[in-house]
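Notes follow the structure.
Quick note on labels: first sequence line is chain A, next is B, and so on, each numbered from 1. In what follows, every heavy atom counts, from backbone to side chain, and hydrogens, waters and symmetry copies are set aside. Just so it is clear, the model here is predicted, and its values are computed rather than measured.
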Amino acid sequence: MRTIEITIDPTGQATVQTRRFTGPECRQASKFIEQALGQQIGERLTSESLLVLRNFHRSLGAVDVVQALDSAIAAGKQARTILVLLEPVVKVPAELERQFVVLEHELPDREQLAQIARSIATEPASCRRVRSWMQCSTRPRA
Amino acid sequence: VTIKTELRDQAAVNGACRRLELPPPTQGTAQLFAGRAAGLILRLPGRAYPVVIDTQSGQVRYNNFQCAWGDRAQLDCFFQAYAGERARIEARKKGRQVTEQALADGSIRLTIRVGGGA
């Protein structure tokens with residue numbers, strides 16, 4: 001859901017922020033509120049970042065890494081940075097368990113792997129190899 | 001975007017008065033310590049002189065004398081209430097839903113749902 005947030009401090013100064021907008025539309029979306037409230041005295045562009053840490057489970061045993069991750073999550077709540085850990089095993093330390101939502105995905109089956117292979121195979125030789133692999137995988141084993 | 005609030009809308013001024021349980025403003029000319037001023041006259045409790053709002057320029061005229069004639073915080077509170085009301089009015093004009101939340105530091109946060117997106 002896209003939203004416009006207006007925070008008005010106790011002196012009456014307002015800060016307008018847009019959420020879930022992309023590109024120049026974020027400026028357009030809040031223009032009507034900004035013009036209605038008064039005179040613009042400052043502007044800072046913000047962005048939402050997604051930081052993906054692949055196979056990070058091997059580093060999560062170290063105390064300093066866990067602490068750094070905990071600090072990064074806290075800072076990310078302000079700076080709108082979201083951390084995603086991509087791991088083959090679920091291994092979230094107890095200190096961070098409440099900070100993460102665990103989503104488990106099944107490994108891809110042969111048909112899904114074949115689709116991926118077909119989508120990236122462009123050379124005739126590569127396409128032949130994909131077809132050959134598919135035939136091997138569907139042939140009943142003795 | 002950071003905005004210095006300007007009082008330009010009478011409906012929002014009235015809304016701020018209702019929100020703060022103040023008497024509604026009157027249109028006219030008021031006597032201040034230094035001269036007279038015309039506009040929307042607002043009487044804040046405990047202030048020696050009224051506050052006069054010029055909705056054309058968005059500016060306010062008042063006498064404070066180093067807060068001896070009234071607490072500046074009262075006026076700040078009025079600006080905050082005005083900004084909240086003005087944002088609500090503008091959001092409603094666009095058919096948007098607004099929710100309000102009081103924050104621990106005394107600020108208020110209005111969230112306007114625009115729809116669409118993830």
If hydrophobic clusters are built from ILVMFWY residues whose side chains come within less than 4.5 Å, do B:Tyr82 and B:Leu103 share one? no

If hydrophobic clusters are built by linking Ile, Leu, Val, Met, Phe, Trp and Tyr wherever their side-chain heavy atoms come under 4.5 Å apart, do A:Val90 and A:Leu86 end up in the same one? no

Pairwise side-chain contact, B:Ile112 with A:Ile6, heavy-atom cut-off 4.5 Å (strictly under): yes

Same cluster for A:Leu53 and A:Ile82 if Ile/Leu/Val/Met/Phe/Trp/Tyr side chains link at under 4.5 Å? no

Between A:Ile4 and B:Thr111, does a side chain to side chain contact (heavy atoms under 4.5 Å, CB included) hold up when you go through it step by step? CA-CA 6 Å; A:Ile4 303 168; B:Thr111 304; over 6 Å; no

Quick check: do A:Val16 and B:Ile3 have side-chain heavy atoms less than 4.5 Å from each other? yes

Separation of B:Arg86 CZ from A:Ile8 CD1 (nearest 0.5 Å): 12.0 Å

So how far is it from B:Thr2 OG1 to A:Asp9 CG, rounded to the nearest 0.5 Å? 9.5 Å

Tell me whether the count of non-hydrogen atoms from other residues, nucleotides or ligands lying under 6.0 Å of CZ in B:Arg36 goes above 12. yes

Just how far is it from atom CD of B:Gln80 to atom CD of A:Gln13, taken to the nearest 0.5 Å? 12.0 Å

Check whether B:Lys93 gets within reach of chain A through its side chain, its backbone, both or neither, counting any heavy atom under 4.5 Å. neither

Under a 4.5 Å heavy-atom cut-off, does chain A meet the side chain of B:Asp9, its backbone, both or neither? neither

Single-linkage hydrophobic cluster B:Leu20~B:Tyr62, side-chain heavy atoms < 4.5 angstrom: yes

Could you check whether any side-chain heavy atom of A:Pro10 comes within less than 4.5 Å of a side-chain heavy atom of B:Ser107, counting everything from C-beta outward? yes

Heavy-atom neighbours of A:Gln67 CD exceed 12 at 6.0 Å: no

Over 12 non-hydrogen atoms of neighbours within 6.0 angstrom of CZ in B:Arg113: no

Separation of A:Gln39 CD from B:Arg8 CZ (nearest 0.5 Å): 8.5 Å

Report, as yes or no, whether the 6.0 Å neighbourhood of atom CZ on B:Arg43 holds more than 12 heavy atoms from other residues, nucleotides or ligands. no

Co-membership, hydrophobic cluster, residues A:Leu60 and A:Leu51, 4.5 Å side-chain: yes

Interatomic distance, B:Leu110 atom CG to A:Ile33 atom CD1 [nearest 0.5 angstrom]: 8.5 Å

Just verifying a value: how many Å separate A:Thr3 OG1 and B:Arg96 CZ, rounded to the nearest 0.5 Å? 11.5 Å

Verify whether one side chain among A:Thr7 and B:Arg109 offers a donor that lies under 3.5 Å from an acceptor in the other. yes

